[in-house]
Amino acid sequence: MSEIRPIEWTNGTLKLLDQTRLPSEEVIVEAHGYLEAVNAIKTMQVRGAPAIGVTAAYAVAMAAKELNIPDRDTFLQRLEEAGVAIKAARPTAVNLMWAVDRMMGFAKSEADTNSIKERLLAEAISIEQEDEAINRRMGSNGKDLIPDGGSVLTHCNAGALATAAYGTAVGVIRASWEDGRRFKVFNTETRPFLQGARLTAWEFKKLGIPSTLVVDSAAGMLMRRGEIGCVITGADRIAANGDTANKIGTYTLAVLAKENGIPFYVAAPISTVDMNLTNGDEIEIEERSSNEVTEFHGIQIAPEGVAALNPGFDVTPAKYVNAIITESGVARPPFIESLDLAVKSVS
Ligand code: MRU
């Protein structure tokens with residue numbers, strides 16, 4: 001099987017596998033300018049923390065290319081404004097802010113506007129390539145956590161589609177499978193946007209890893225019946241103390257896992273760790289449209305005019321997390337120390 005790559009830069013155009021159309025259609029959409037890339041993030045044609053970061057890096061490179069201003073200071077000021085617009089596309093995944101800040105740092109280190117443009121494109125390409133390498137390292141670091149003959153449950157989509165390639169949580173599952181272990185895989189449908197049913201199930205099928213789709217609310221019952229050996233999810237932002245923001249429903253799974261004596265693992269690159277935040281209460285949670293809850297594929301399923309709340313993410317307190325798998329190893333509690341070491345080892 002050829003590697004799933006949701007983002008491709010070819011001939012000055014950003015090509016994205018439209019994740020709103022999967023699994024029924026595999027459609028490539030093109031972003032020709034940085035605002036089109038921002039729009040693709042907002043509409044979730046591209047989604048998942050690392051993939052948002054890679055897209056944001058290309059958006060900065062495209063914004064620079066679009067600026068026709070010879071004066072370096074004015075150029076940087078306008079680029080900074082584009083960076084603010086890119087960062088505002090979605091609030092929770094810190095990889096978006098991380099990528100823009102990193103790109104702005106490179107821009108500021110160049111002497112003139114032409115070299116800024118060249119450097120930014122080269123750096124966006126390398127952020128994309130790095131992401132795949134990081135995910136493969138994460139897979140290799142975490143693969144032993146999924147025991148042969150056991151079972152694993154994952155939530156949302158933390159696979160290749162959520163990254164440049166290979167995936168984070170799904171990458172760990174995949175690395176363990178590729179290593180020859182055999183185990184049962186469950187994935188939740190992930191209401192209301194159905195990243196699990198639409199995207200993760202599609203990926204496992206492409207990978208040839210048998211998976212069983214369950215409704216989100218079946219997880220507790222399966223755990224109690226002894227059918228889940230461990231849980232592994234991705235993350236959108238991890239605070240310095242290990243509190244982890246991820247797709248809505250992750251907290252529920254983590255509490256249920258602890259109650260049932262099941263290890264709960266998070267797999268995320270160091271770029272998802274936000275050392276500026278002491279704990280998860282400081283993480284901004286995206287509030288999404290109530291239509292995603294009251295409608296299904298555009299069909300109204302709740303009474304007309306009913307109030308609905310749709311937080312996109314929740315925060316799992318660190319006390320429910322047994323380990324955080326990163327490219328620099330497997331961090332264990334106390335995370336305040338182990339994450340600090342992990343972050344320092346890559347900087
Ligand atoms: O709203 P989404 O689909 O962007 O949310 C994605 C998630 O919550 C993922 O679990 C997270 O970004 C990790 S992806 C490797």
Side-chain angles (χ1 to χ4, degrees), residues 4 6-7 16-20 22 40-56 89-99 128 131-132 134-139 142 153-175 187-203 216 231-238 244-254 264-274 280 283-289 292-293 310-316 321 324-327:
I4 300 165
I7 303 163
L16 303 167
L17 177 57
D18 186 347
Q19 300 192 30
T20 63
L22 287 171
I41 296 173
K42 282 187 177 162
T43 58
M44 290 176 62
Q45 286 177 316
V46 61
R47 34 105 357 241
I52 291 172
V54 171
T55 308
R90 290 189 75 189
T92 305
V94 75
N95 306 60
L96 173 61
M97 297 67 185
W98 168 88
E128 181 190 341
D131 187 61
E132 178 175 358
I134 284 169
N135 294 335
R136 288 182 184 273
R137 277 211 296 286
M138 224 184 298
L153 178 132
T154 188
H155 185 55
C156 192
N157 172 265
L161 289 169
T163 63
Y166 204 78
T168 59
V170 171
V172 171
I173 293 171
R174 182 178 166 179
N187 81 277
T188 59
E189 59 174 356
T190 319
R191 278 278 297 155
F193 207 68
L194 302 177
Q195 289 94 330
R198 296 187 301 106
L199 309 177
T200 307
W202 179 82
E203 279 197 36
D216 301 355
V231 178
I232 180 161
T233 72
D236 285 80
R237 197 183 293 227
I238 301 172
T244 297
N246 191 51
K247 182 51 54 195
I248 191 76
T250 304
Y251 170 51
T252 315
L253 292 174
F264 181 89
Y265 304 122
V266 171
I270 293 293
S271 55
T272 302
V273 180
D274 188 347
I283 300 174
E284 186 182 343
I285 300 296
E286 178 179 13
E287 280 293 335
R288 298 189 55 79
S289 163
E292 287 179 358
V293 180
N310 188 13
F313 300 90
D314 57 26
V315 174
T316 299
V321 179
I324 299 176
I325 304 150
T326 74
E327 65 270 34

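Counting convention: from 1, in listed order, for ligands and their atoms alike. For this chain, numbers begin at 1 and follow the sequence in order.
Given atom 4 (O) of ligand 1, the protein heavy atom at minimum distance is Arg90 NH1, 2.8 Å. The shortest contact between atom 15 (C) of ligand 1 and any protein heavy atom is with Thr168 OG1, 3.0 Å. Protein heavy atom in closest approach to atom 12 (O) of ligand 1: Ala49 N, 2.9 Å. In terms of protein heavy atoms, atom 5 (O) of ligand 1 is closest to Lys247 CE, 3.3 Å. With respect to atom 10 (O) of ligand 1, the closest heavy atom belonging to the protein is Asn246 OD1, 2.7 Å. Nearest protein neighbour of atom 3 (O) of ligand 1, counting heavy atoms only, is Arg47 NE, 2.6 Å.
Residues Gly280 and Val315 approach most closely at O-CG2, 3.6 Å, considering heavy atoms.
Two residues are said to be in side-chain contact when any heavy atoms from C-beta on lie closer than 4.5 Å; Asn95 and Ile52 fail this criterion.
Geometrically, Arg137 does not engage Tyr166 in a cation-pi contact defined by less than 6.0 Å to the ring centre and at most 45° from the axis.
Ligand 1 places these atoms under 4.0 Å from at least one heavy atom of Gln195: 1 (O), 2 (P), 3 (O).
In the candidate list Gly234, Ala162, Gly159, Ala235, Ala162 is nearest to atom 14 (S) of ligand 1, counting heavy atoms. Closest heavy-atom approach to atom 8 (O) of ligand 1 within the set Leu199, Asp236, Leu194: this belongs to Asp236.
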Could you please spell out the steps behind the salt bridge (Lys or Arg N to Asp or Glu O under 4.0 Å) verdict for Asp274 and Arg237? CA-CA 6 Å; Asp274 188 347; Arg237 197 183 293 227; 2.8 Å; yes
